[in-house]
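Only heavy atoms go into these numbers, but all of them, side chains included; no hydrogens, no water, no symmetry mates. Just so it is clear, the structure is predicted and the values come from calculations on it, not from any experiment.
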Amino acid sequence: MSKTTVKDVSTEPEPERAAEAPRTVGGSRAFALMLVITGAAGLLAAWVITIDKFKLLEAKVEGKTFVPGCSLNPVVSCGSVMESDQASVFGFPNPMLGLVAYGIVICVGVSLLARARFPRWYWLTFNAGTLFGVSFCAWLTFQSLYRIGALCLWCSLAWVATIIMFWYVTSFNVRQGFLPGPRWLKGFFSEFTWVLPVLHIGVIGILIMTRWWDFWTG
């Protein structure tokens with residue numbers, strides 16, 4: 001059976017270094033492209049939501065009505081999500097945070113394509129950022145399903161992108177020894193990293209289906 005895990009360890013020979021120098025690690029082309037693609041998907045989603053948010057605010061000031069293009073029905077309603085309190089949990093529109101965060105992910109991916117190598121602290125900091133991102137997406141998923149009662153398609157794209165990058169970056173750090181883990185876990189990540197984002201996204205899909213089962217089947 002062919003391996004489907006993104007091979008994220010650079011095969012380039014390591015340069016000679018002093019014994020006391022910290023170990024630096026790069027990533028393979030596939031891993032770098034994964035970061036660029038998921039970062040670009042998240043950046044696109046954040047950009048579109050930000051533009052629509054500004055248009056929504058402008059329409060309110062002018063006493064007009066603006067309906068985002070992704071507001072398709074009572075369930076898939078980007079406008080309902082954008083107008084909620086949860087859409088500005090930090091005091092400014094959430095997608096503005098995404099514009100910065102996903103831009104950083106793209107920069108890391110492009111740097112790896114240029115054969116950059118980073119020390120342990122860099123990879124752990126990057127992993128912490130993706131952990132914050134996936135946790136924030138989990139909170140937003142709960143809020144969308146059970147508090148706001150509506151879905152935003154662009155938000156969903158950002159969730160998927162963040163989930164994928166989180167699991168692959170975590171896998172990278174475990175297999176490199178930057179995060180502690182038993183041998184079986186390293187072996188699992190070497191072969192089946194793809195299983196975790198698939199299961200994660202699948203669970204969200206099931207929650208969405210069950211939340212609005214009557215709407216989908218009605």
For the cysteines Cys78 and Cys70, is the SG separation below 2.5 Å?
-> yes
Student check: side-chain heavy atoms of Asp52 and Phe66 closer than 4.5 Å | yes
Within-4.5 Å side-chain heavy-atom neighbours: Val81 and Leu140 = no
So, do Phe90 and Phe136 have ring centers that fall under 6.0 Å from each other?
-> yes
Would you find more than 12 non-hydrogen atoms of other residues, nucleotides or ligands less than 6.0 Å from Trp212 atom CH2?
-> yes
By side-chain contact (heavy atoms from CB on, under 4.5 Å), which residues pair with Pro119, not counting sequence neighbours?
-> Thr24, Trp121, Tyr122
Nearest-0.5 Å distance that lies between atom CD1 in Ile163 and atom OG1 in Thr141 | 6.5 Å
Heavy atoms of other groups near Lys55 NZ, more than 12 under 6.0 Å | no
Phe188 vs Phe192 aromatic rings, parallel, tilted or perpendicular, using cut-offs 30° and 60°?
-> tilted
Hits for ring pair (Phe, Tyr, Trp, His ring centres under 6.0 Å) against Phe54, two or more places apart or cross-chain, chain-then-number order -> none
How long is the gap from CH2 on Trp167 to NE2 on His200, to the nearest 0.5 Å?
-> 7.5 Å
Interatomic distance, Ser144 atom OG to Leu207 atom CG [nearest 0.5 angstrom] | 12.0 Å
For the residue pair Trp123 and Phe118, does the interplanar ring angle fall in the parallel (under 30°), tilted (30 to 60°) or perpendicular (over 60°) class?
-> perpendicular
